[in-house]
Novice: 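Input: one structure, supplied below.
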Amino acid sequence: MTLTPPAARGTAILERDHELAALAAVVRAAGEGRGALAWIEGPPGIGKTRLVDAARTVALGKTGQAGQAGQAGQAGQACHAVLAARGGRLERDFAFGVVRGLFEPLLTDPARRDGLLAGAARLAAPVVTPAPGDDATRDAASTLHGIYWLVANLAERGPVLLAVDDAHLADAASLRALAYLARRVGELPVALVLAVQTPVDHVEPAVLDALREAEVTTVLRPGPLSRDAVATLVAGALPHAAPAVADACHEATGGNPLLVRALLVAGAETGTDLAEPGAVARLAPGVVATFVDRRLREAGEDAVAVAGAVAVLGAAAELRHVAAVSGLDADAVARAADTLAAARLLRPGRPLAFGHSLIEQAVADRLDPATRHRAHRRAAAALDAEGAGAERVAAHLLRTEALGDPTVVAWLRAAGRVALGKGAPETARTYLRRAVAEPPPPAERPAVLHELGAATAHVSFGEGVALLEEAFATAVDPHRRGLIALELARALSVTLAFGRALEVLDEAAAALTGEDHGELATEIAAATVGLARRDPARRAAAAELTRTLRRDGPLPARGGPALLAFTALDALQTARDSTAVDLAREALDATLREPAPDPGVVLPATMVLVAIDHLDPVRACAEAMLAGARRRGSTYDFVAASVLRTQTRYLQGRLVEAEADARLADALAVEHGLHTRRYTLAWLVVVLVERGAVDEAADTLAAADAPTGLAYLLAARGRLRLAQGRAAEARDDFAGCGERLRLRGIEHPGLLPWRTGLATALHRLGDAEGAVRAADEAVAAGRRFAAPRPLGDALRVRGLVGGTLAPLREAVTLLEPTPARLELARARVDLGAALRRDNQRVAARGELAAGQDLARRCGADPLVERAGQELRAAGARPRRVAVTGAESLTAAERRVADLAADGLSNREVAQALFVTTKTVETHLGHVYRKLGVTGRDEIAALLE
């Protein structure tokens, strides 16, 4: 501790046996291959820094340096790498500044850098080794994924300690990355040690909860020193002091170790006899500030200027930058720095840094606003002159006074782009808010508001909408208004404000005239079509626009594919229009050629293809999106593609694989707060119900904070409620689903089977007439659109609610040649049950056995059980459920087995699934046991 008097240096850390033992255990756990985290929380001066240093001592395998720390070091295991960083007030606005501080020293050697950034860890490169000019907006989750794999790559070489002091001053992006690690670090030989002063108000509570409450976390709250411990400190500094001195020091400082030491130093330097009545009380108030003021007065004007410059520059101030800020030459700065180090204000050596955050704060508090403004402008200019990067410059400009300087605005906007390129929208928002406050020139203000609103929408759609509305209202240039309108409409759509989104797009489109705006106008038209599903006139106009554009030449890259996709969806609703498939496939091909496919194209185009069971191009689209998502580390695209693959696998009756995709997609959507969770949730509920996990499906839906007005969610909830025996509520859900689809002009029965669900619910409620009517409507729709899968399912339900065999027989015949294995299994079981009731027992057993076998291969456990009951009633013995072999694999095990069979290593499987290597190893072990194999080479043949 910098403020420790000479007589007290090198002594043991008093009354911290519990904390030191816990830290040794955390480091030892990492050495044994089990990750752990120590969260050290307490007020300033309580000794958090000394505990962090003690953990580093243990990890380095050193002994005997600090009493108990040395004993803990003997019990601990040395780490391969010990990385340390410290939060700072200035660096708090530097995206991933603490993460970069941890890893940057390791990455100076190109050979080591290439190894550590191999595989998915390359996604962390923009953070730890940023390239000039690389400011493309990135998925925030991909950066976190990359940082995790950077740590995993490092841990492959041996146990690792990551220590962060003053973590409450760390930037929000770094804290989020540490929280992401905390949820996964239990499977790595990695120890995390964080020292924090609460409260931490610049990051959402969920991030802190993830750190403080993780399974691997040990929370340490070092308390004040006892009167005896304070007496020990007093005796070390004043061997002959009376007991009353220790009593007075303990009472005045509350047992805070730093303040006790500072008080003893103050007494020694002022020549105050602390035994005198009232002496401690006079010295105690503002003891650190008093200590700093006295030291600076004694050190001279140059030292005052250097101390102020270091306070402005933050942690690790370089000598040349201190010279630029202070106005002194390098020699004068060096001499003053040595003086400050001798005075125990700065740490010895270079770069320059204060010995404690309390000292730094005391020096910073001495700077008046005008001095602080000038110092930060000088710092920004010095960093600019040597090409330090937009964020380092902007970190200082954030602390200057707003004077309407366009140069400041330009730097802050550039820093915002860099932060978005790292996947840190919160930091970008900080820079851009300050740019708006500068303020920018009036003509530039809409553009800055546009950037601020777009960055904010990544964090909060509601706040983003308000800023984008302001940008739209103030923009004059039609092209700029059009760009803002697109961004605003997207954000409004997420908040379900579709009417307002259409108003914005219409207003922007009306101002775009002439060929110069052609591509933007097309993009706005496409966005309008996507939102205006309730207006037939708009849909017809869009179809006409698409035909005109295609006739005149290739569609524009922006907006064109979306127009194709929505026109295909409209064509699907007309039984006489045969262009839907071609339009949908053309739209998909166009968007898949882009670096990142547009979800606004993929969703409507795949809806068309799914509805008519053209599943091969949909599955190919999902695989292409998954490959691209893994390459870019895009969690958003990975989730979207996983939902798409869930849907195709479900329709093919591959429920185990569909469950694996649905679970992973929903878990990632929850972890990263993706608005697409409404889709992941709907498909997870559907698959869980078919797999027999009804209670889990109900709990998952009840715990989710998702809008229930979405047609997909209503259909999923309806199926869940049927499985729960809540027929009246299921009826309302299916009816609501149908109403929403009608409002959007969607009539094709192949998208969501709401009519058959409604008929089933009415039948269970005893409304025979209503059930038959609903089933007849479903059959009529299936015949009108010549759709075998939905028609077959409708005929199955018609047979059940009408009590007749003919529709059930026709259902089996229709479904046989389709890829809809699950629907076919249902139809066979229902037909077999009906035959048994009709006393055709031999025919019944044949259908039931075929249906049960098919249901077993689909993974539809409730249907397998029902078929077994019917078979027993028909006088047959059903097959036993497999406890080994491919059919016994869980959803997660099957997913891992498939990738392993394709030749991927455990690490590659983990990176492909956005999970940890340990998770893959566990699942693969279960796969080997259930399949009766000893290696991955034997898996493929057993999965077919």
Novice: What's the verdict on side-chain contact (heavy atoms from CB on, under 4.5 Å) for V128 and E104, showing C-alpha distance, side-chain angles and the deciding distance?
Specialist: CA-CA 6 Å; V128 293; E104 194 173 34; 6.0 Å; no
Novice: Is the CD atom of E213 crowded by more than 12 outside heavy atoms at less than 6.0 Å?
Specialist: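 Check passes, neighbour count above 12.
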Novice: Indicate yes or no for a side-chain donor-acceptor contact from H356 to the backbone of L358 under 3.5 Å, with no hydrogens or angles considered.
Specialist: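 Yes; judged by distance alone, with no hydrogens or angles, the pair exists.
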Novice: Who passes side chain to side chain contact (heavy atoms under 4.5 Å, CB included) against R34, sequence neighbours left out?
Specialist: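 Side chain to side chain contact (heavy atoms under 4.5 Å, CB included) list for R34, sorted by chain: A29, E32.
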Novice: Between A307 and L340, what is the shortest heavy-atom contact and its length?
Specialist: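 Nearest heavy atoms, A307 then L340: N-CD1, 3.9 Å.
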Novice: When you check the gap from the basic side-chain N to the acidic O, do E215 and R183 get nearer than 4.0 Å?
Specialist: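 Salt bridge absent between E215 and R183.
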Novice: What's the spacing between I359 CD1 and R344 CZ if we round to 0.5 Å?
Specialist: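 It comes to 9.5 Å.
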Novice: Would you indicate whether the side-chain heavy atoms of D666 and V639 approach each other to under 4.5 Å?
Specialist: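 V639 does not reach D666 side chain to side chain.
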Novice: Please tell me whether T430 and D93 have a donor and an acceptor in their side chains that are separated by less than 3.5 angstrom.
Specialist: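 There is no such pair between these side chains.
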Novice: Have a look at D166 and tell me which of R89, R92, R86 forms a salt bridge (Lys or Arg N to Asp or Glu O under 4.0 Å) with it.
Specialist: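 For D166, the salt bridge (Lys or Arg N to Asp or Glu O under 4.0 Å) check succeeds only for R86.
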Novice: Using side-chain heavy atoms (C-beta onward) and a distance below 4.5 Å, is D228 in contact with T232?
Specialist: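 When only atoms from C-beta onward are counted, T232 and D228 do not touch, as no gap falls below 4.5 Å.
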Novice: Apply the test side-chain contact (heavy atoms from CB on, under 4.5 Å) to residues W39 and L192: give CA-CA distance (whole Å), side-chain angles for both, the deciding distance (0.1 Å), then the verdict.
Specialist: CA-CA 8 Å; W39 174 275; L192 296 171; over 6 Å; no
Novice: Between N256 (side chain only) and L259 (backbone N and O only), is there a donor and an acceptor less than 3.5 Å apart?
Specialist: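 Side chain of N256 to backbone of L259: a pair is present.
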Novice: If you define the side chain from C-beta out and look only at heavy atoms, does anything of L116 sit under 4.5 Å from L106?
Specialist: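 Side chain of L116 against side chain of L106, heavy atoms only: contact under 4.5 Å found.
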Novice: Answer yes or no: is there a donor N or O on one side and an acceptor on the other, between the side chain of T919 and the main chain of V915, under 3.5 Å?
Specialist: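 No; judged by distance alone, with no hydrogens or angles, the pair does not exist.
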Novice: First locate atom CG of L383, then atom CZ of R392, and finally report the distance between them rounded to the nearest 0.5 Å.
Specialist: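 Here the interatomic distance stands at 5.0 Å.
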Novice: To the nearest 0.5 Å, what is the distance between CD on Q911 and CG on N906?
Specialist: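 The distance works out to 11.5 Å.
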Novice: Under 3.5 Å, is there a donor-acceptor pair between the side chain of K422 and the main chain of A95?
Specialist: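 Yes, because the side chain of K422 sits within donor-acceptor range (under 3.5 Å) of the backbone of A95.
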Novice: Is a side-chain donor-acceptor pair under 3.5 Å present for E893 with H926?
Specialist: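 Their side chains do contain a donor-acceptor pair, which is all the 3.5 Å distance test asks for.
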Novice: Keeping the roles fixed (side chain from R399, backbone from A395), state whether a donor-acceptor pair exists under 3.5 Å.
Specialist: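 Yes: the side chain of R399 pairs with the backbone of A395.
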Novice: Would a distance-only check, ignoring hydrogens and angles, find a side-chain to backbone donor-acceptor pair under 3.5 Å from K48 to G42?
Specialist: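 Indeed, once roles are kept as given, a pair shorter than 3.5 Å links the two residues.
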Novice: Scan the side chains in residues 216-223 for donor-acceptor partners under 3.5 Å anywhere in the protein, sequence neighbours excluded, and list what turns up.
Specialist:
{"unit_1": "T217", "atom_1": "OG1", "unit_2": "L211", "atom_2": "O", "d": "2.7"}
{"unit_1": "R221", "atom_1": "NE", "unit_2": "E41", "atom_2": "OE2", "d": "3.4"}

Novice: Side chains of W149 and R907, heavy atoms from C-beta outward: is any pair under 4.5 Å?
Specialist: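 Side-chain contact under 4.5 Å: yes.
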Novice: How long is the span from the CZ atom in R227 to the NE2 atom in H250, to the nearest 0.5 Å?
Specialist: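 So the CZ of R227 and the NE2 of H250 are separated by 9.0 Å.
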Novice: Testing the 3.5 Å rule here: is there a donor-acceptor pair between the side chains of D171 and S174?
Specialist: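 Judged by distance alone, the side chains do pair up.
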Novice: Would you mind telling me which of L161, L154, V151 makes a side-chain contact (heavy atoms from CB on, under 4.5 Å) with L83?
Specialist: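 Going through the options one by one, the only one that passes is L154.
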Novice: Determine whether L162 and F103 satisfy the following criterion, side-chain contact (heavy atoms from CB on, under 4.5 Å), listing intermediate values before the conclusion.
Specialist: CA-CA 10 Å; L162 303 178; F103 293 102; 4.2 Å; yes
Novice: Can you see which heavy atom on A191 is nearest to which on V27, and at what distance?
Specialist: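 Minimum heavy-atom contact is CB-CA, 4.3 Å.
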Novice: Of all the heavy-atom pairs spanning A38 and L23, show the shortest one and how long it is.
Specialist: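 Result for this residue pair: CB-CD2, 3.6 Å.
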Novice: Checking side-chain polar atoms at under 3.5 Å, does Y180 have a donor or acceptor matched by the opposite partner on E671?
Specialist: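 No, no side-chain donor-acceptor pair sits under 3.5 Å.
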Novice: Kindly give the heavy-atom pair with the smallest separation between T635 and H672, and that separation in Å.
Specialist: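 Heavy atoms of T635 and H672 come nearest at CG2-CD2, 3.6 Å.
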Novice: Between R261 (side chain only) and L258 (backbone N and O only), is there a donor and an acceptor less than 3.5 Å apart?
Specialist: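 Checked: no pair found.
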Novice: If you measure from CZ on R50 to CD1 on I13, what distance do you get to the nearest 0.5 Å?
Specialist: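 It comes to 5.0 Å.
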Novice: Within a strict 4.5 Å, meaning less than it, do heavy atoms of the P257 and I46 side chains meet?
Specialist: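 With C-beta onward as the side chain, the pair touches.
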Novice: Identify the heavy atoms of F291 and A343 that sit nearest to each other, and give their distance.
Specialist: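 So the two residues come closest at CZ-O, 4.0 Å.
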Novice: Which heavy atom of A210 sits nearest a heavy atom of A179, and at what distance?
Specialist: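 In terms of heavy atoms, the two residues are closest at CB-CB, 3.8 Å.
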Novice: Would you sort out whether F96 and I147 count as a side-chain contact (heavy atoms from CB on, under 4.5 Å), showing the intermediate values?
Specialist: CA-CA 10 Å; F96 293 107; I147 291 169; 3.7 Å; yes
Novice: Mind checking whether L117 and T129 have side chains closer than 4.5 Å, heavy atoms only?
Specialist: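 Yes - at least one pair of side-chain heavy atoms lies under 4.5 Å apart.
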Novice: Which distance, rounded to the nearest 0.5 Å, do you find between the CG of L14 and the OG of S226?
Specialist: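 Output value for this atom pair is 8.5 Å.
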Novice: Report yes if the side chains of V26 and L37 come closer than 4.5 Å at any heavy-atom pair, otherwise no.
Specialist: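 They are not in side-chain contact.
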Novice: Is there a donor-acceptor pair closer than 3.5 Å between any side-chain N or O of T143 and the backbone N or O of A124?
Specialist: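 Checking the backbone N and O of A124 against the side chain of T143, no donor-acceptor pair under 3.5 Å is found.
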Novice: Does a side-chain heavy-atom distance below 4.5 Å link H396 with L313?
Specialist: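 When only atoms from C-beta onward are counted, L313 and H396 do touch, with a gap below 4.5 Å.
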Novice: Distance-only, no hydrogens or angles: does the H168 side chain make a donor-acceptor pair with backbone N or O of Q197 under 3.5 Å?
Specialist: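 Checked: pair present.
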Novice: Check for a donor-acceptor pair, side chain of R347 on one end and backbone N or O of A353 on the other, with a separation under 3.5 Å.
Specialist: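 Side chain of R347 to backbone of A353, a donor-acceptor pair under 3.5 Å: no, none is there.
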